[in-house]
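Input: one structure, supplied below.
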Amino acid sequence: MLLKTPDLIKPSEITDKQLYLNRRRFIRAGAQYGMAGALLNTVSLTGALAGTKLSTVRNDEYSTDEELTPYDAVTSYNNFYEFGTHKSDPSENSGKFKPQPWSVVVDGECMKPGTYAYEDIIKPHQLEERIYRLRCVEAWSMVIPWVGIPLADVLKRFEPTSDAKYVAFTTVMRPEEMPGMRRKVLDWPYREGLRIDEAMHPLTLLTVGLYGEVLPNQNGAPIRLVVPWKYGFKSIKSIVRIQFKRKTPRTSWNMSAPQEYGFYSNVNPEVDHPRWSQGKERRIGEFFKRETLMFNGYADQVASLYSGMDLRKNY
Amino acid sequence: MNSRWSKPVLFLLCTLPFCVLVYNGFTNNLTANPIKEITHFTGEWALRFLLITLSITPLRKITRKNALIRFRRMLGLFAFFYACLHFSTYLVLDQFFDWNEIVLDVAKRPYITVGFSAFVLLIPLAVTSTNKMAQRLGNNWRRLHSLIYPIAVLVIFHYLWLVKADILPPVIYGLILCLLLVLRWPGLKLGKRPVLRHT
């Protein structure tokens, strides 16, 4: 049996080493990116409309060199049930959606809660372009050049306390602009969540663009998550709330069908969806299916997050 | 309805969804994932033709137009035609004859098990749809062809079990099937009684 001895120093009193190191790096980066910041101002002034070019720096370390999925496919074949359940619905029904002005509520276990305007979240950071694989739970996949900021860099600014074990995200709820919400296909608003170490992982990208441009509405404008080693539905779109939590947050697909969609939902070819195989996937634009890779091919970077865990149980 | 043109016209109408599919294929209008789109399109039309076929008998009773029976076999064969397209899309385009994967699918995935069973059960109905076969089988022909009812139920479950969250379309088709089955209940005297009173 495991007995827990009380800690002499409360964990909340210790500043995480990673955190203070990052704070220093953050200040340094702030000076370095002063120029880039000036450039980014022009972006926010245009109101960040879909199609606006973004000034980005390519991050090759975290990018794949696989062939990109064409822009038209990325922006016309979407799962965004708030606009309807057919793949073409989001691109066809999101014309009325207003992604600007936008703000995000930050609350829960952190020192800097509040309502942050879109510009205030983005401006202090250098936007990066990262080419990621996206694997949908429906066994199709794409390769997408996203534009964003490591989520960790943004979350650290809100100074999460040591009680912040999880981060919960919520999608905007505007039935008048999102016709799919008239029917309760899922329990709106859409909710997702990550363990704090998953949220802080350098691969996790807070995304504002694709193909070098501001996100189109159907792809989760103006600000979304991209977690490339998890099934696509974990990469929540059009975020309006970020909440630091002590306990595992409830997530929409898990609430809808708990035996089919777990909290983790890591891409795993060895654990099938109860109703279909996850062993293979069809890359959009290709005829033959390809083998699905463990953690969607990001095992080297993320497998350690789950060492010792039974991934069959924690699906 | 009794015109000699009615059957050829209906035939052409029934090929319309197929023509739309081919047209959309040539004009690149089958979404970014054409194989899935073709699978859903042909599957949905197979189900629709199955329900249209099943509506002939109640429609005959309600409208008292017995001539409708002339169209039933053709409609049923079109249900089989779209089911064949649906199945071959799965076999060729989706799995590309990956027999291992197909056997696993049929054995392990309930929605594929019931869909596959429905397709297999349709084959003897299509094969015995000729006049000659009907004559040869006599009373057994009627018994054999009542397989259409369990087939339709299997198809509804095939659809219901494959959707992720939006169960509305399969539920609507299921309700239509229920209605078509209820209308067959012998206790229900659809439009027949007035005829009897007059005689």
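Values reported hereafter were calculated over all heavy atoms of this structure, with side chains retained and with hydrogens, waters and symmetry mates removed. Chain identifiers are assigned alphabetically (A, B, ...) following the order of the sequence lines, protein sequences preceding nucleic acid strands; residue numbering begins at 1 within each chain.
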Where along residues 170-182 of chain B does a heavy atom come under 4.5 Å of chain A, listed by residue number? none
Contact listing (chain B partner; residues 286-296 of chain A; heavy atom under 4.5 Å): F287(A), F288(A), K289(A)
Side chains of H86(A) and T31(B): donor-acceptor distance under 3.5 Å anywhere?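 The answer is no; no qualifying pair exists.
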Residue among L104(B), V163(B), I112(B) with most heavy-atom pairs under 4.5 Å to chain A: V163(B)
Please check if atom CD1 in I167(B) has more than 12 non-hydrogen atoms from other residues, nucleotides or ligands closer than 6.0 Å. no
Are R224(A) and F80(A) in a cation-pi setup, meaning NZ or CZ lies under 6.0 angstrom from the ring centre and within 45 degrees of the ring axis? no
Taking side chain as everything from C-beta outward and backbone as N, CA, C, O, which of these in D94(B) sits under 4.5 Å from a heavy atom of chain A? Side chain, backbone, both or neither.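 Looking at D94(B), backbone and side chain both touch chain A.
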Most heavy-atom pairs under 4.5 angstrom with chain B, which of S76(A), A73(A), S256(A), S277(A)?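 Heavy-atom pairs under 4.5 Å are most numerous for S277(A).
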Between E101(B) and chain A, with a heavy-atom cut-off of 4.5 Å, which part of the residue counts as in contact: side chain, backbone, both or neither?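 The answer is the side chain of E101(B).
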Taking the six-membered ring for Trp, are F49(B) and W45(B) parallel (under 30°), tilted (30 to 60°) or perpendicular (over 60°)? tilted
Does any backbone or side-chain atom of K36(B) lie under 4.5 Å from a heavy atom of chain A? Answer side chain, backbone, both or neither.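 Only the side chain of K36(B) comes within 4.5 Å of chain A.
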Please find out if less than 6.0 Å separates the ring center of F41(B) from that of Y82(B). no
Could you tell me whether the side chains of Y77(A) and D72(A) share a donor-acceptor contact shorter than 3.5 Å?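 No, D72(A) and Y77(A) have no side-chain donor paired with an acceptor closer than 3.5 Å.
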Against chain B, label W140(A) side chain, backbone, both or neither, depending on which of its atoms sit under 4.5 Å from a heavy atom there.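 The side chain, not the backbone.
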What residue, out of T85(A), V137(A), V74(A), has the most heavy-atom pairs lying under 4.5 Å from chain B?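 Answer, by heavy-atom pair count under 4.5 Å with chain B: T85(A).
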Counting neighbours of CG on N66(B) that are heavy atoms of other residues, nucleotides or ligands and sit closer than 6.0 Å, is the number greater than 12? yes
Cation-aromatic face contact K234(A)/F263(A), 6.0 Å, 45 degrees: yes
Should we say atom OH of Y23(B) is surrounded by more than 12 heavy atoms from elsewhere, each under 6.0 Å from it?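 No, because the 6.0 Å sphere around OH of Y23(B) holds 12 heavy atoms or fewer from other groups.
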Please look at N79(A) and chain B and tell me whether the side chain, the backbone, both or neither of the residue comes under 4.5 angstrom of a heavy atom of that chain. side chain
May I ask you to check whether F11(B) and F78(B) place their ring centers less than 6.0 Å from one another?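 Yes, the ring centres sit under 6.0 Å apart.
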How far does OG1 of T75(A) sit from CG of L215(A), to the nearest 0.5 angstrom? 11.0 Å
Measure from the ring center of F97(A) to the ring center of F83(A) and say whether it is less than 6.0 Å.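 Centroid distance F97(A)-F83(A): below 6.0 Å, so yes.
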Does the pair W253(A) and Y261(A) meet the rule for a ring pair (Phe, Tyr, Trp, His ring centres under 6.0 Å), with working shown? CA-CA 6 Å; W253(A) 279 102; Y261(A) 310 100; 5.1 Å; yes
